[in-house]
Undergrad: 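Would you mind keeping the following structure in view while I ask a few things?
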Amino acid sequence: MRFVTINTTCRTDSGFTAVSDVNQTHGGSAYDNQESFLFAEVLKYSYLAHSGVQKGDKNTFVFNTEGHPVRVVRG
């Protein structure tokens with residue numbers, strides 16, 4: 001799934017929401033809430049999947065499980 005699809009289907013005037021049926025056009029109906037893990041998990045993994053971040057020594061930041069970037073210190 002691409003971020004474009006998430007943005008098109010789940011975007012609301014005030015953020016993002018879950019949808020009732022991913023098999024329906026436009027996701028069916030939208031719920032009236034935004035999950036707290038959306039930015040820390042869904043968008044983080046979408047970013048990592050499309051950013052070209054590589055495994056190895058060239059990364060200067062890593063993300064912790066809450067989605068916060070942490071600078072890599074080499075010693």
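Position 1 is the first residue of the sequence; numbering continues from there.
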Undergrad: Is there a path of hydrophobic side-chain contacts, each under 4.5 Å between heavy atoms of I/L/V/M/F/W/Y residues, joining F37 to F16?
TA: yes

Undergrad: Which residue is it: T8, N7, I6? I am looking for the one with a side chain to side chain contact (heavy atoms under 4.5 Å, CB included) to V4.
TA: T8

Undergrad: Taking atom CG as the centre, does D32 end up with more than 12 heavy-atom neighbours from other residues, nucleotides or ligands that are less than 6.0 angstrom away?
TA: no

Undergrad: Give a yes or no answer on whether the side chain of S20 reaches the backbone of S29 with a donor-acceptor pair at less than 3.5 Å.
TA: yes

Undergrad: Does T9 use its side chain to pair, donor to acceptor, with the backbone of H26 at less than 3.5 Å?
TA: no

Undergrad: Which heavy-atom pair separates V19 from C10 by the least distance, and what is that distance?
TA: CG1-SG, 4.3 Å

